[in-house]
Every structure is written in structure tokens, then in C-alpha cells.
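One structure below.
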Amino acid sequence: MTESQTFDILVVGGGMVGSALALGLSRQGWRVALVEGSEGRKLLQAPAAAQGVEDFEPRVSAISAASQRLLEQLGVWGEITAGRHCPYQTMTVWDGDGTGRIQFEAAELQARSLGTIIENRHIVRGLFAALADSDVELFDGVKVTGWWQDDARAQGPRGITLEDGHVLAAHLVVAADGAHSRLRQWVGLPTREWDYDQQAIVCTVRTVQSHRFTAWQRFSPTGPLAFLPLLPENGDEHYCSIVWSQDTEEARRLMALDDSAFAGELERAIERELGAVESVSRRLAFPLRQRHAKDYVAPGFALVGDAAHTIHPLAGQGANLGYGDVRALLDELSRARKAGLGAADEFVLARYQRRRKGENLTMMAAMEGFKQLFARDELPLRWLRNTGMRWLNQLGPVKNRIAAEAMGLD
């Protein structure tokens with residue numbers, strides 16, 4: 001077995017959230033290790049220019065202004081946006097079974113954009129490029145096989161074992177290893193969770209009409225459909241990323257269609273707002289489940305991102321909630337370092353949990369409420385949501401305040 005290595009902080013999971021956290025902690029002066037099961041260094045090679053729908057990654061994120069500020073502070077935003085990205089100035093949301101419609105405009109908020117649509121791999125590539133020039137010790141392409149701790153005290157040693165024989169110890173271990181976090185399970189942090197009985201279908205399409213730098217979202221009783229604008233290197237404004245959440249049986253039916261029939265279903269579902277769908281990439285579908293850890297911390301241990309919470313994709317807030325966790329934990333650990341406290345100080349971790357748990361639960365409850373409201377087809381509820389959407393669309397200050405909160409502009 002390889003000799004043990006000890007760090008101040010060990011981050012497990014090198015996706016968008018974990019890699020950002022590791023980079024930020026290193027910049028504060030902590031001795032940090034990052035463990036990622038895939039070969040992250042392969043991401044440093046930029047993908048080829050997009051020539052069609054198959055050249056885009058199906059998984060994208062709508063990065064808010066608050067998340068952009070974090071990435072700017074880490075010095076990676078320029079590298080990320082050197083690749084494909086699409087700022088959007090408008091968001092249009094409507095009820096497919098009614099007349100209610102809301103439109104948000106960046107100009108009304110004195111903002112350049114409402115957010116930026118970026119393929120996930122471009123975000124991770126930009127972060128790994130910065131990690132390569134940092135003091136973070138990277139263990140990539142190797143899987144975690146176990147968790148250990150000598151005792152349950154906050155200051156006691158703890159760590160992980162890797163499949164290649166490495167034993168890594170740290171004062172604080174942070175799990176950023178996703179919704180099915182093995183570390184969360186090994187440490188024994190329970191979750192509250194339920195199945196939506198829905199699947200999200202993701203793919204890339206090209207439409208006859210320009211997306212007009214607008215994010216489109218139509219609600220129906222069986223689930224929301226989002227068309228998120230993409231912008232390839234040649235500036236073609238006809239590509240969109242699709243996130244179509246549907247009841248499980250309906251999702252299976254849609255996935256079984258050939259590309260032409262699926263494109264026809266998309267055109268009808270979006271009410272031909274962008275004209276005909278010319279081409280469709282390979283489709284992926286994954287089950288939707290809401291999950292929230294009852295506690296984000298344990299002695300010498302913390303959860304961030306999807307390891308702590310997963311949310312319905314209808315508002316595109318998953319990555320932004322994860323980056324909210326990163327901001328809060330970086331802030332608390334910076335204060336701890338300046339005060340001469342250890343990374344695993346119980347009061348430091350407790351403050352992190354207090355800051356994030358309430359905010360994440362509020363967002364999750366709001367998304368659940370939206371989903372339930374649009375899933376119901378009773379006439380009084382349909383009247384209520386359509387009247388409410390029309391009313392809100394006319395109240396500029398209230399509508400803009402909601403948008404500013406979601407973007408992190410407050």
C-alpha cells in the first residue's frame with residue numbers, strides 16, 4: 001500500500017462544483033487535494049468547433065450572475081467563455097394550457113444578460129486549466145474505495161482510500177461526488193427524497209428561426225419544456241439545448257420515436273415559437289428525484305452541490321445552488337483561516353450549514369410548488385395561474401425583483 005498523505009482539506013468529486021471549491025480553497029492558502037474518478041486532465045483539450053447538433057454536449061447549465069461572479073473571482077470565467085457560450089437577454093415562460101405568459105428582460109434590470117448558457121464540459125475544462133497551474137494536488141482517473149476515521153471527534157484524522165492504494169487523510173473532507181454520493185452514505189448522513197415519476201429528456205436541436213437570445217419555457221400538465229439558446233463559434237443563432245421533463249410513461253414514448261417524429265412532437269410542444277425543428281441530436285433521459293440531506297455537515301465532513309441537494313430542472317437552478325454552497329463554504333473557511341481556526345472547526349461548519357440549508361430548502365420548495373401548480377388541470381387552478389402570470393407580467397418592479405433574486409443581483 002502506498003504511504004498516507006495528509007492535507008488540510010480533501011475534496012472528493014471534480015465536477016463543476018468540486019473543482020471550483022478546490023481551486024478557491026487553494027487560493028486561500030489551504031493545502032488541498034482533489035479526487036476525481038474520471039481522467040479530468042483529458043478535458044484540457046478544447047473540443048472541435050461545432051458543425052452540427054451532435055457537436056454540442058447535451059448537458060448545459062444556465063449560469064446566473066452570482067455564479068459568474070464566483071467564477072470571475074476564481075479567475076476562470078475568461079477561459080470558460082473563450083469556448084462556446086450564449087448569454088441570453090430574455091426569458092419567456094407561459095402556460096401551454098392557458099393564456100398566462102411572463103417575459104423577463106435583462107434591459108429592465110440594467111443587466112447585460114439574464115444568465116449564460118454553457119455546456120458543462122466547458123465549465124469543467126476552464127476550471128481544470130486553472131487547477132493545472134495551482135497548488136491543488138490532483139488525483140484523477142482513480143476511484144474512491146473507502147472512508148475511514150480514527151474517531152468521531154472534529155479534530156480526529158479522517159480520509160479515504162483509493163483503488164490504486166493511496167490513503168489520503170485530511171482535517172476536513174468535502175463530498176462533491178454527486179446525487180448518489182457514496183461518501184454521504186458512508187458517513188451516515190440521511191436524506192429526505194421522493195421520486196417525481198418523471199424523466200428529463202436532453203438533446204440539442206437546430207430550428208428554422210433564430211432563438212433570439214431568449215430562453216423559452218412552456219409548462220404543461222405532464223411537465224415543462226425548455227429551449228435554451230446556444231451559440232456555436234460561427235455565430236449561428238438557430239441552435240438550442242432541450243430539457244423536456246415529462247411523466248415517465250410519456251418520456252419513454254418520446255424516447256422511442258425516430259428523430260423526425262420527435263422533432264414534430266417538439267414543434268407542437270413549443271407551439272412552433274421557433275418554427276420547424278430541422279435536426280435533433282442523440283437524446284439522453286434520466287429520472288428526476290428530489291433529494292435533500294437532513295444535515296450538510298458532520299465532524300470533519302461537509303456536503304456541497306448535488307451531494308447535499310438535487311432539485312427539479314424546471315428553473316435551471318441546480319448548478320447555481322451548488323455554486324452558492326461553494327461561495328458560502330469558501331467565505332466561512334476564509335474567516336476561519338484569518339482567525340487561526342482549523343478547517344474542521346465545528347462552529348465554522350455549523351455556520352456554513354445555517355447559511356445554505358434555509359436558502360436551498362426555500363428554492364426547492366418554490367420549485368416543488370411551481371411543479372404542482374402547473375401539473376393540476378382543475379379549472380379554478382388553471383384560472384388562478386394564468387391570471388397570476390398575466391398580473392405579475394404587468395407589475396414591472398415586482399417581476400424584476402423576482403428575476404434579480406434568481407440571478408443573484410440583489
Side-chain angles (χ1 to χ4, degrees), residues 15-16 37-40 42-43 45-63 83-86 88 116-125 178-180 196 198-211 215-218 220 222-270 272-289 306 310 312-314 316 318-319:
M16 293 189 297
S38 62
E39 294 189 48
K42 287 185 175 179
L43 293 166
Q45 183 177 357
Q51 303 296 324
V53 291
E54 294 294 349
D55 297 317
F56 291 88
E57 182 189 7
R59 298 176 305 163
V60 304
S61 293
I63 298 299
R84 291 190 292 267
H85 67 288
C86 186
Y88 58 99
T116 306
I117 307 299
I118 311 178
E119 294 160 72
N120 290 1
R121 62 180 169 183
H122 285 296
I123 299 173
V124 178
R125 182 178 60 82
H180 302 288
Y196 284 116
Q198 286 191 333
Q199 291 188 2
I201 300 172
V202 296
C203 65
T204 302
V205 302
R206 192 178 191 281
T207 59
V208 168
Q209 296 180 20
S210 164
H211 53 56
W216 309 83
Q217 187 162 48
R218 176 186 181 269
S220 73
T222 55
L225 167 62
F227 271 57
L228 305 175
L230 298 172
L231 195 65
E233 292 82 355
N234 63 7
D236 188 339
E237 300 172 13
H238 295 78
Y239 289 94
C240 288
S241 179
I242 302 304
V243 184
W244 198 357
S245 302
Q246 286 287 284
D247 293 343
T248 299
E249 289 305 313
E250 176 63 5
R252 288 172 178 163
R253 183 188 72 81
L254 292 169
M255 287 293 290
L257 298 175
D258 62 29
D259 286 352
S260 177
F262 182 75
E265 294 278 3
L266 273 177
E267 290 173 23
R268 286 187 287 275
I270 203 67
R272 295 184 65 85
E273 285 281 353
L274 301 178
V277 174
E278 290 185 328
S279 55
V280 178
S281 74
R282 65 193 184 283
R283 286 165 263 161
L284 301 176
F286 53 91
L288 296 179
R289 188 171 183 84
D306 285 354
T310 57
H312 197 285
L314 67 88

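Along the sequence shown, the residues carry numbers beginning at 1.
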Does [Y] offer a backbone N or O that forms a donor-acceptor pair with the side chain of [X] under 3.5 Å?
| X | Y | answer |
| --- | --- | --- |
| Glu119 | Glu57 | yes |
| Gln199 | Ala251 | no |
| His85 | Gly83 | yes |
| Asn234 | Asp236 | yes |

To the nearest 0.5 angstrom, please state how far the [atom1] atom of [X] sits from the [atom2] atom of [Y].
| X | Y | atom1 | atom2 | value |
| --- | --- | --- | --- | --- |
| Tyr239 | Asp55 | OH | CG | 8.0 Å |
| Phe227 | Ile242 | CZ | CD1 | 3.5 Å |
| Ile118 | Ile63 | CD1 | CD1 | 5.5 Å |
| Thr310 | His180 | OG1 | NE2 | 8.0 Å |
| Phe56 | Gln51 | CZ | CD | 10.0 Å |
| Leu284 | Met255 | CG | CE | 6.5 Å |

Only counting residues at least two apart or in another chain, list the ones meeting side-chain contact (heavy atoms from CB on, under 4.5 Å) with [X].
| X | answer |
| --- | --- |
| Leu254 | Ile201, Trp244, Gln246, Glu250, Leu257, Phe262, Glu265 |
| Glu237 | Ser210, His211, Phe213, Leu231 |
| Glu267 | Arg272, Ala276, Val277 |

Given side chains that start at C-beta, do those of Val60 and Thr204 come closer than 4.5 Å, heavy atoms only?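 Val60 does not reach Thr204 side chain to side chain.
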
Using distance alone, with no hydrogens and no angle criterion, decide if Ser61 and Asn120 have a side-chain donor and acceptor under 3.5 Å apart.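 Yes, a side-chain donor-acceptor pair sits under 3.5 Å.
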
Looking only at heavy atoms, which two atoms of [X] and [Y] are closest? And how far apart?
| X | Y | answer |
| --- | --- | --- |
| Cys203 | Arg282 | CB-O, 3.5 Å |
| Pro232 | Arg84 | CA-CD, 3.8 Å |
| Cys86 | Pro229 | CB-O, 3.4 Å |
| Gly15 | Val124 | C-CG2, 4.1 Å |

Candidate pair Gln198 and Thr222, rule side chain to side chain contact (heavy atoms under 4.5 Å, CB included), full reasoning: CA-CA 9 Å; Gln198 286 191 333; Thr222 55; 5.8 Å; no

Surrounding CZ of Arg253 (heavy atoms of other residues, nucleotides or ligands, distance under 6.0 Å), is the total greater than 12?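 Count over threshold, so yes.
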
Dump the intermediate steps for side chain to side chain contact (heavy atoms under 4.5 Å, CB included) on Val208 and His238, then the final yes or no. CA-CA 7 Å; Val208 168; His238 295 78; 5.8 Å; no

